[in-house]
Amino acid sequence: MTITTLDSLSAKPLLDWYDRHHRDLPWRVSPGMAARGVKPDPYRVWLSEVMLQQTTVQAVKPYFAKFLERWPEVTDLAAAENDEVMAAWAGLGYYARARNLKKCAEAVAKDHRGVFPDTETGLKSLPGIGDYTAAAIAAIAFNRQAAVMDGNVERVISRLYAIEAPLPGAKPVMKDKVTLLTPANRPGDFAQAMMDLGATICTPKRPACSLCPFRGSCQALKLADPEFFPVKAAKKEKPVRQGAAFIAVTGDGEILLRRRAESGLLGGMTEVPTTSWTARLDGETSAAAAPFAAAWQACGTVIHVFTHFELRLSIWRAAIVQKLEADDGWWEPVTNLEAQALPTVMKKAIAAAIPLAFKTSKA
DNA sequence: AAGCCGTGGAT
DNA sequence: TATCCAAGGCT
């Protein structure tokens with residue numbers, strides 16, 4: 001089998017496989033429905049694609065349903081309050097996505113009369129839409145012959161062609177392969193088929209090669225070691241940071257909250273007062289670091305792992321008699337915490353101090 | 001262009 | 001338990 005033969009690989013076996021084995025997903029128009037003329041809703045395609053960035057299907061499903069029910073069209077989202085969107089996104093992570101989601105909805109509503117651009121270039125000019133998402137929306141929602149490459153496609157392509165060059169450097173080479181493989185007919189289904197194949201057959205561990213529509217031409221399988229691919233650059237180890245968080249509770253059940261800076265880690269989200277999170281492990285994490293004097297009681301330590309560091313947060317709680325006026329925060333009833341834009345680390349911190357603050361003990 | 005940016009499930 | 005990593009984008 002030569003490279004020439006591989007470059008003339010047909011997408012047909014994959015599309016046939018997809019017709020039989022595609023996943024049924026809430027935001028997806030199945031091939032059967034598409035054959036009956038049902039068109040994907042660009043708003044739903046866009047919303048799902050943004051939510052799915054670095055996020056599992058399982059995690060996205062309830063958020064997608066919630067957003068769609070609350071904001072059925074892009075113009076509804078554009079008209080929403082920022083805080084409501086951030087609160088609805090809370091728990092899904094990568095909060096810049098939510099900030100950009102809102103900005104994108106506003107741009108579509110104001111600059112495009114509420115209609116999404118139908119080209120890769122037009123889509124990529126919008127906030128939060130990069131190479132992958134622009135190609136995915138163009139292909140899936142508008143049937144454009146756009147080459148879609150995400151983590152799944154990288155894995156499939158790296159194995160199909162036994163590409164030994166490590167990611168992310170090998171991305172351009174892989175993109176060329178995807179471009180050659182993407183058919184003029186059903187490019188959207190092809191993209192979704194590649195991702196379904198990566199998610200269900202060509203998995204990172206123990207791929208089910210015997211069920212793969214590409215099993216006859218896969219170079220990695222021919223080498224008898226599909227798991228070897230894709231080759232990735234070594235990753236750096238996670239440093240540890242530490243800090244302290246302070247949960248101040250009034251007699252009538254309100255706690256002190258504040259809003260984080262608009263950009264950076266957990267940007268625009270809500271938090272309880274904390275010290276800065278320092279790489280030094282000998283820093284002050286005791287009640288002496290509290291924003292104000294109170295009878296602070298230790299409530300243990302919360303460990304939370306972010307993308308690039310691990311946080312060890314000492315938790316302190318105090319009953320507040322005299323409710324001071326905080327210039328950079330507000331007092332919120334504990335019964336209303338579900339409606340706040342609290343990231344998971346903050347829910348953990350509050351739950352450590354007030355075990356019954358949330359329905360689930362975990363978050 | 002390499003680092004920043006969450007979370008939780010699978011193995 | 002530790003590691004990986006999931007439909008990436010922005011700066």
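- Residue A:G198 is classed as having no contact, given no heavy-atom separation below 4.0 Å to the nucleic acid.
- Note on A:E84 versus A:R70: salt bridge recorded, some NZ/NE/NH1/NH2 to OD/OE distance being below 4.0 Å.
- The nucleotide whose nearest atom lies closest to any side-chain atom of A:M195 is, among C:dG9, B:dG6, C:dA7, C:dA7.
- Of the candidates B:dT7, C:dA7, B:dG6, B:dT7 carries the atom nearest the A:H304 side chain, counting heavy atoms from C-beta on.
- Checking the phosphate oxygens (OP1, OP2) of B:dC5, a side-chain nitrogen or oxygen of A:H308 falls inside 4.0 Å.
- Atom name P, nucleotides B:dG6 and C:dT3: the rounded distance is 22 Å, in whole Å.
- If you check distances only, the side chain of A:R23 does reach the base of C:dA7 with a donor-acceptor pair under 3.5 Å.
- Within the nucleic acid shown, A:V345 comes within 4.0 Å of sugar-phosphate atoms alone, with no base atom in reach, counting heavy atoms only.
- A:R260 has a carboxylate O that lies under 4.0 Å from a charged side-chain N of A:E271, or vice versa, which qualifies the two as a salt bridge.
- A:L266 comes within 4.0 angstrom of sugar-phosphate atoms only, judged by non-hydrogen atoms across all strands, and of no base.
- Listed nucleotides: B:dT7, C:dC5, C:dA6. Nearest to the side chain of A:R155: C:dA6.
- Taking atom CD1 of residue A:I137 and atom P of nucleotide C:dG8, one finds them 13 Å apart after rounding to whole Å.
- Side-chain atoms of A:T133 stay outside donor-acceptor range of the base of C:dG9, with no qualifying N/O pair under 3.5 Å.
- A:W89 comes within contact range of no nucleotide atom at all, as no heavy-atom separation falls under 4.0 Å.
- Comparing the same atom, P, in C:dA7 and in B:dC4 gives a spacing of 24 Å after rounding to whole Å.
- Looking at A:T307, its side chain comes within 3.5 Å of the base of B:dG6 through a donor and an acceptor atom.
- Side-chain proximity of A:Q58 to the nucleotides C:dA7, B:dG6, B:dG9 is greatest for B:dG9.
- Among the heavy atoms of the strands, none lies under 4.0 Å from A:G267.
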